[in-house]
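Written below as structure tokens is the structure these notes are about.
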Amino acid sequence: MSEIKTKQIKAFGTKAADAPLNLLPINRRLATAHDIEIEIMYCGVCHSDLHTVRSEWGPSRYPCVPGHEIIGKIVSVGPHVSRFKVGETVGVGCMVDSCRDCQYCKEDLEQFCEKGMTGTYNSPDKHIPNGHTYGGYSESIVVDESFVLRIPENLDPAAAAPLLCAGITTYSPLHHWHVGPGKKVGVVGIGGLGHMAIKIAKAMGAYVVAFTTSESKFEEAKRLGADETVLSKDPQQMAAYRGKLHFILDAVSANHDINAYMALLRVDGTLALVGAPEHPLPISAFSVIGGRKSFAGSLIGGIAETQEMLDFCGKHNIVSDIEMIDIQKINEAYERLLKSDVKYRFVIDMASIKK
Ligand code: NAP
Ligand code: ZN
Ligand code: ZN
């Protein structure tokens with residue numbers, strides 16, 4: 001590894017799982033040959049940020065600077081960058097690198113790279129010995145151009161930021177399991193991911209049923225595009241959908257009864273889990289054997305598919321419903337996220353980090 005030049009910038013992160021996020025300095029490499037340096041304008045707040053900051057998925061690397069729904073302006077490019085120019089508005093999602101050589105990388109499935117993809121945060125940094133990656137709760141980021149996305153010009157950049165994770169994480173399984181006209185699709189958990197799933201499944205032509213534990217979202221889910229809404233705490237409302245759905249996308253961030261949703265699938269139906277709760281979810285054998293059902297999962301999406309999703313959202317004018325915050329409000333935002341109290345994605349106005 002040759003000597004890498006870095007510069008210090010401002011970021012927000014934490015040094016321990018039980019400590020709040022605070023202003024801290026980090027070092028970013030200067031753009032190398034294929035790199036793009038992006039001044040970050042907006043960064044969405046994903047529930048994965050909270051899981052990672054608090055080491056809920058196993059020990060994280062500290063200091064931990066989260067954020068993988070990044071939109072910003074290109075401020076410099078390396079000498080070999082060919083696809084982007086200074087001044088363009090671009091996006092960075094959940095990955096910033098992968099091996100690019102294994103069977104999955106070659107199939108545009110970098111998220112399943114055999115050598116392990118490089119996450120935008122909390123992954124070993126290939127450029128800095130013993131270093132790890134820092135995410136978008138920061139002034140700027142440097143990313144290889146192959147992992148930078150184009151943002152359709154008709155989309156509001158702040159509201160487009162959540163597409164980089166919540167958008168692709170829901171688009172990819174909806175696409176993979178052929179959601180479209182004639183399909184009845186359930187979306188469980190109307191948070192950042194769930195509300196995008198409603199919008200995208202609707203645009204794909206499906207009939208969408210939203211399942212929420214929050215009374216305040218019951219009517220709103222229809223405004224987001226759902227054809228019907230179910231208050232999942234009410235067993236009678238749940239019973240009305242037994243055996244009715246072709247596909248369910250489950251985007252719940254905490255423990256819940258998965259068997260209650262498996263029961264809503266038709267024969268040969270699939271429930272795909274994208275939510276990643278801290279603890280295992282028990283599933284009964286009888287939830288899958290009766291009805292030949294599938295319990296599946298999905299992880300974000302590849303770079304080419306992320307661009308396809310962005311272009312789809314551009315064509316259908318789909319963005320996230322956001323609540324903009326200053327970075328200094330991030331700890332409060334996390335507490336509200338835990339109470340399912342956000343409609344429907346916090347987005348950080350990153351100019352606030354200069355305050
Ligand atoms: P979020 O905005 O906090 O939404 C989660 C929703 O789950 C809440 O709004 C709530 O919906 C529901 N919920 C929360 N606690 C619940 C409980 N105890 N019982 C039942 N329902 C509950 O989170 P998010 O950012 O959308 O992320 C959702 C999950 O997906 C997280 O675990 C995140 O780490 C994971 N994720 C996975 C991937 C992937 O690639 N697979 C990518 C990104 C995120 P209602 O108010 O409607 O009930
Ligand atoms: Zn995410
Ligand atoms: Zn690979």
Side-chain angles (χ1 to χ4, degrees), residues 43-54 56-57 66-70 93-95 97-122 135-136 161-173 187-198 210-218 220-221 224 226 229-233 249-258 260-261 272-279 281 296-302 306 320-323 333-346:
C43 184
V45 178
C46 178
H47 208 115
S48 302
D49 301 351
L50 190 158
H51 290 306
T52 308
V53 157
R54 299 191 179 176
E56 289 179 357
W57 294 334
H68 58 204
E69 293 182 339
I70 299 167
C94 304
M95 298 182 284
D97 210 344
S98 70
C99 87
R100 309 179 197 206
D101 194 41
C102 73
Q103 56 177 324
Y104 300 116
C105 284
K106 285 182 177 156
E107 286 174 28
D108 290 328
L109 295 169
E110 300 91 349
Q111 74 272 34
F112 305 127
C113 174
E114 288 182 319
K115 304 218 171 93
M117 54 100 159
T118 304
T120 303
Y121 58 82
N122 197 45
L163 300 179
L164 277 315
C165 174
I168 183 60
T169 301
T170 51
Y171 177 92
S172 183
V187 176
V188 184
I190 312 307
L193 267 57
H195 97 290
M196 289 312 311
I198 294 175
F211 295 84
T212 182
T213 60
S214 304
E215 271 155 58
S216 73
K217 297 177 187 171
F218 187 78
E220 277 187 9
L224 296 171
T229 317
V230 176
L231 205 52
S232 53
K233 293 183 284 195
L249 191 76
D250 183 327
V252 174
S253 54
N255 276 6
H256 59 293
D257 181 10
I258 207 81
Y261 291 99
L273 190 64
V274 287
E278 179 177 2
H279 302 294
L281 295 171
S298 188
L299 176 71
I300 52 172
T306 304
S320 179
D321 285 32
I322 64 167
E323 180 177 338
Y334 278 14
E335 291 315 309
R336 284 184 50 199
L337 206 54
L338 285 172
K339 291 187 227 151
S340 305
D341 175 27
V342 49
K343 286 175 178 165
Y344 283 85
R345 196 57 137 188
F346 290 115

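We count ligands from 1, going down the list as the structure has it; atoms in each ligand are counted the same way.
Ion pairing between D321 and R345 fails under the 4.0 Å rule for side-chain N and carboxylate O. The residues E335 and R54 are annotated as salt-bridged, a charged nitrogen and a carboxylate oxygen being separated by less than 4.0 angstrom.
The shortest N or O to N or O distance between H256 and ligand 1 is not under 3.5 Å. Checking only distances, V45 never comes within under 3.5 Å of ligand 1, N or O to N or O. Considering both main-chain and side-chain atoms, C46 never comes within under 3.5 Å of ligand 1 through any nitrogen or oxygen pair.
The single protein non-hydrogen atom nearest to atom 26 (O) of ligand 1 is L193 N, 2.8 Å, given as residue, atom name and distance. Atom 19 (N) of ligand 1 has as its closest protein heavy atom N255 O, 3.9 Å. Closest to atom 33 (C) of ligand 1 among all protein heavy atoms lies S48 OG, 3.4 Å. Nearest protein heavy-atom neighbour of atom 29 (C) of ligand 1: G275 CA, 3.5 Å. Residue, atom and distance of the protein heavy atom nearest to atom 8 (C) of ligand 1 are S340 OG, 3.5 Å. Ranking the protein heavy atoms by distance from atom 25 (O) of ligand 1 puts R345 NH1, 2.6 Å first. Scanning all protein heavy atoms for the shortest distance to atom 32 (O) of ligand 1 gives H51 NE2, 2.8 Å. For atom 2 (O) of ligand 1, the nearest non-hydrogen atom of the protein is G192 N, 2.9 Å.
Side-chain contact check for C46 versus H68: some heavy-atom pair is nearer than 4.5 Å. The closest side-chain heavy-atom distance from D101 to E114 is not below 4.5 Å. For the pair F112/C102, no side-chain contact is recorded, criterion being any heavy-atom separation below 4.5 Å from C-beta on. With a 4.5 Å cut-off on side-chain heavy atoms, M95 and D97 do not count as touching. No side-chain heavy atom of I190 sits under 4.5 Å from any side-chain heavy atom of T229.
If you check each of S214, A254, P277 against atom 17 (C) of ligand 1, the one with the closest non-hydrogen atom is A254. Taking only non-hydrogen atoms, the option from H47, Q111, M196 nearest to atom 27 (O) of ligand 1 is H47. For atom 22 (C) of ligand 1, the choice among V252, L231, L273 with the nearest heavy atom turns out to be V252.
Residue contacts with ligand 1 include A276, since one of its heavy atoms falls under 4.0 Å from the ligand.
Within the listing of ligand 1, atoms 34 (O) sit less than 4.0 angstrom from a heavy atom of W57. Residue-ligand proximity, T213 to ligand 1, at heavy-atom distances under 4.0 Å covers atoms 20 (C), 21 (N), 45 (P), 46 (O), 47 (O), 48 (O). Close approach of ligand 1 to K217 (heavy-atom distance below 4.0 Å) involves ligand atoms 9 (O), 11 (O), 45 (P), 46 (O), 47 (O). Every atom of ligand 1 is numbered from 1 in the order shown, and the set under 4.0 Å from a heavy atom of I300 is 39 (C), 40 (O). For ligand 1, the atoms sitting less than 4.0 Å from at least one non-hydrogen atom of T212 are 45 (P), 46 (O), 47 (O), 48 (O), numbered in the order shown with element in parentheses. Atoms of ligand 1 lying under 4.0 Å from any heavy atom of C165, numbered from 1 in the order shown and given with element: 42 (C), 43 (C).
Take the Zn ion (ligand 3) as the corner point: the lines to SG of C105 and to SG of C102 open at 110°, to the nearest 10 degrees. Atoms NE2 of H68 and SG of C46, as seen from the Zn ion (ligand 2), are separated by an angle of 120°, to the nearest 10°.
Rounded to the nearest 0.5 Å, atoms OG1 (T213) and CG (L231) are 8.0 Å apart. Annotation: the span from S320 atom OG to M196 atom CE amounts to 5.5 Å, rounded to 0.5 Å. The distance from the CD atom of E69 to the SG atom of C165 is 5.0 Å, given to the nearest 0.5 Å.
Under a 3.5 Å cut-off, the side chain of D250 and the backbone N or O of V252 do form a donor-acceptor pair. With hydrogens and angles disregarded, a donor-acceptor distance shorter than 3.5 Å links the side chain of T120 to the backbone of G93.
With a 6.0 Å radius and a threshold of 12 heavy atoms from other residues, nucleotides or ligands, Y104 has its OH atom at or below the threshold. Remark: E215 CD is loosely packed, at most 12 non-hydrogen atoms of other residues, nucleotides or ligands lying under 6.0 Å away. Around NZ of K115, the count of heavy atoms belonging to other residues, nucleotides or ligands within 6.0 Å does not exceed 12.
Exactly one of E323, E220, K217 qualifies for a side chain to side chain donor-acceptor pair (under 3.5 Å) with Y344. That residue is E220.
Counting heavy atoms under 4.0 Å from ligand 1, residue T169 touches it through the side chain alone. Residue S253 touches ligand 1 through backbone and side chain together, judged by heavy-atom distances below 4.0 Å.
Because the distance cut-off is set at 2.8 Å, H47 fails to qualify as a neighbour of the Zn ion (ligand 2), as none of its N, O or S atoms comes that close. Taking 2.8 Å as the criterion, C94 does not count as a coordinating residue of the Zn ion (ligand 2), since none of its N, O or S atoms falls below it.
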